[in-house]
Asks: 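Below you will find the structure I want to go over with you.
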Amino acid sequence: MATVRISAAAAPSSFSTLFTHEKAGMSNVDKEKIKRIVYEMSKDSAHFKEQERRDQRVTEHINACRERHQRIGADELKSHEQRADRLLVELDGHRNLERTWACVDMDAFFAACEALEDPSLRGDVVFAVGGTSMISTASYAARRYGVRSAMPGFIAQRLCREAGVSLRFVPVDFPKYLKFAELARTAFRLFDPHFIAASCDEAFLDLTDYCAHHAISGAEAATRLRHQVLEATRGLTCSVGIASSRMLAKIASDVNKPNGQYVVPAEREAIVSFIGPMPLRKIPGIGRVTERVLREVLGAETCAELLAKRAALCALFTARVAREHLSALLGIGGEGPPPLQREGEPSQKGVSQERTFEPTGAPL
DNA sequence: GCGGATCAC
DNA sequence: GATGGTGATCCGC
């Protein structure tokens with residue numbers, strides 16, 4: 001058999017795209033087995049080879065960054081550090097802890113909608129919304145076997161069969177999801193009539209006025225909100241993050257997913273210790289590529305680690321990007337009114353288009 | 001401006 | 001047998 005040409009350096013990054021991330025609740029043996037099956041079924045495909053080419057280009061970019069990084073002199077680094085520190089002081093000085101934001105994220109949205117309308121899908125049924133070529137959303141039961149959003153269905157099918165279970169496919173039915181999204185939104189309006197619909201299954205609510213008016217905490221509001229969503233949709237659960245900024249609320253909404261909530265107290269210390277240990281990928285604007293750059297050039301995996309490398313960060317990125325990242329590392333971003341149109345107001349461009357997939361990351 | 005890359009969903 | 005679709009933004013040219 002012909003050997004597959006994968007350099008030692010390229011393999012791990014390719015693997016990172018192969019749905020092998022975040023599998024809480026699975027043993028290492030399971031994870032390894034899933035990784036192996038996905039790899040074996042993928043490695044000869046055109047898609048995989050294209051992915052490899054992309055990874056290779058990123059690797060070259062990283063090597064260029066590394067060279068630049070190594071050429072930075074001590075005095076140059078020092079001046080970048082001073083610039084970073086001035087910026088950090090300025091950003092921290094403008095920290096705004098006044099608003100209470102919620103990020104609401106529906107749990108396994110498409111799958112949950114299907115289960116709600118089809119009793120035979122309820123309980124611990126291993127199924128996926130989508131088909132044998134592509135999966136949109138996996139039921140939580142299916143996720144236990146490694147099935148993920150944006151995974152080819154035939155691979156998902158194999159993963160389940162290897163575990164001795166069969167995977168049921170349910171076709172995508174967008175009108176159905178829009179109907180439930182609208183029901184959930186009737187609940188959102190009770191808390192913030194101007195809520196921001198980020199997508200079909202995700203929204204930001206400014207709970208400040210609601211909390212003040214009812215004299216309740218953000219945590220209590222989140223509990224009520226989850227209850228109202230459950231009621232309005234007659235059965236859909238969501239996860240809620242509460243914080244003083246939309247960025248933090250979004251990250252927090254993932255902490256106790258599914259059907260949970262998490263509050264980041266509106267205090268500087270609490271925010272900094274919340275964000276510090278977060279993997280950089282959690283920061284909006286840091287995607288697959290930037291994550292690799294930061295890890296492979298600066299050796300930073302978490303927010304706190306990148307903060308320690310702030311000088312190099314400023315040296316390698318444009319001022320605008322560096323500022324954005326530094327801001328995020330302090331837990332700052334999305335405190336004020338959003339730049340986008342809010343629900344209920346006339347919008348010049350239609351609100352965000354439909355999406356085919358849910359985010360892929362939700363752990364069990 | 002335009003095209004390519006990146007990101008989000 | 002088979003591996004998404006679209007818009008937005010930024011950057012370098």
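Heavy-atom basis, side chains included; hydrogens, waters and symmetry copies ignored. We name chains A, B, ... by the order of the sequence lines, and we start the count at 1 in each one.
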Asks: Does a nitrogen or oxygen in the side chain of Arg292(A) sit under 4.0 Å from OP1 or OP2 of dT6(B)?
Replies: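 No, Arg292(A) has no side-chain N/O under 4.0 Å of OP1/OP2 on dT6(B).
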Asks: Given dC9(B), dT3(C), dT6(B), which nucleotide is nearest the side-chain atoms of Thr290(A)?
Replies: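 Closest nucleotide among those given: dT6(B).
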Asks: It should be established whether Arg320(A) places a side-chain nitrogen or oxygen under 4.0 Å from OP1 or OP2 of nucleotide dC10(C).
Replies: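 Answer is yes, contact under 4.0 Å.
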Asks: Measure from CD on Gln51(A) to P on dG4(C) and round the result to the nearest Å.
Replies: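 So the CD-P distance, Gln51(A) to dG4(C), works out to 10 Å.
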Asks: To the nearest angstrom, how far is Asp201(A) atom CG from dA8(B) atom P?
Replies: 15 Å
Asks: Quickly work out the Gln157(A) CD to dG1(C) P distance and round it to whole Å.
Replies: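 Between P of dG1(C) and CD of Gln157(A): 13 Å.
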Asks: For a quick check of understanding: with a heavy-atom distance under 4.0 Å over all strands, which category does Ile286(A) fall into, base, sugar-phosphate or nothing?
Replies: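 Sugar-phosphate: the residue Ile286(A), judged by heavy atoms under 4.0 Å, touches backbone atoms but no base.
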Asks: Does Arg36(A) make a cation-pi contact with Tyr39(A), if we ask for NZ or CZ under 6.0 Å from the ring centre and within 45° of the axis?
Replies: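 Not satisfied by the 6.0 Å and 45° rule.
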Asks: The side chain of His47(A) is closest to which nucleotide in this list: dT3(C), dC7(B), dC9(B)?
Replies: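 Ranking dT3(C), dC7(B), dC9(B) by closest atom to the His47(A) side chain puts dT3(C) first.
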Asks: So which nucleotide from dC11(C), dT3(C), dC7(B) ends up closest to the side chain of Ser45(A)?
Replies: dT3(C)
Asks: Taking all heavy atoms of Ala221(A) and all of Leu207(A), pick out the closest pair and write down the distance.
Replies: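 So the two residues come closest at CB-CD1, 3.9 Å.
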Asks: Would you confirm whether the ring centroid of Phe154(A) sits within less than 6.0 angstrom of the ring centroid of Phe169(A)?
Replies: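 No; Phe154(A) has its ring centre 6.0 Å or more from that of Phe169(A).
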Asks: In terms of side-chain heavy atoms of Pro284(A), which of dT3(C), dC9(B), dA8(B) is nearest?
Replies: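 For the Pro284(A) side chain, the nearest candidate turns out to be dA8(B).
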Asks: Using the side-chain heavy atoms of Val289(A), tell me which of these nucleotides is nearest: dT3(C), dC9(B), dT6(B).
Replies: dT6(B)
Asks: Would you say Thr132(A) places a side-chain N or O within less than 4.0 Å of OP1 or OP2 belonging to dG1(C)?
Replies: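 It does not, given that no N or O in the side chain of Thr132(A) lies less than 4.0 Å from OP1 or OP2 of dG1(C).
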Asks: Closest approach to the side chain of Thr318(A), judged atom by atom: which nucleotide of dG12(C), dC7(B), dA8(B) is it?
Replies: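 Shortest atom-to-atom distance from the side chain points to dG12(C).
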Asks: Just how far, in rounded Å, is P of dG1(C) from CG of Asp44(A)?
Replies: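 My rounded result for the distance is 13 Å.
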Asks: Pick base, sugar-phosphate or nothing for Arg54(A), based on heavy-atom distances below 4.0 Å to the nucleic acid.
Replies: nothing
Asks: Strictly below 4.0 Å, N to O, side chains only: are Glu182(A) and Arg189(A) in salt-bridge contact?
Replies: yes
Asks: State whether the distance check finds a donor on one side and an acceptor on the other, under 3.5 Å, for side chain Ser42(A) versus base dT3(C).
Replies: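 Side chain to base: pair present.
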Asks: Compute the centroid of each ring, for Phe180(A) and then for Phe109(A), and state whether the two points are separated by less than 6.0 Å.
Replies: no
Asks: Between atom NZ in Lys43(A) and atom P in dA2(C), what is the gap in whole Å?
Replies: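 One finds 16 Å between P of dA2(C) and NZ of Lys43(A), rounded.
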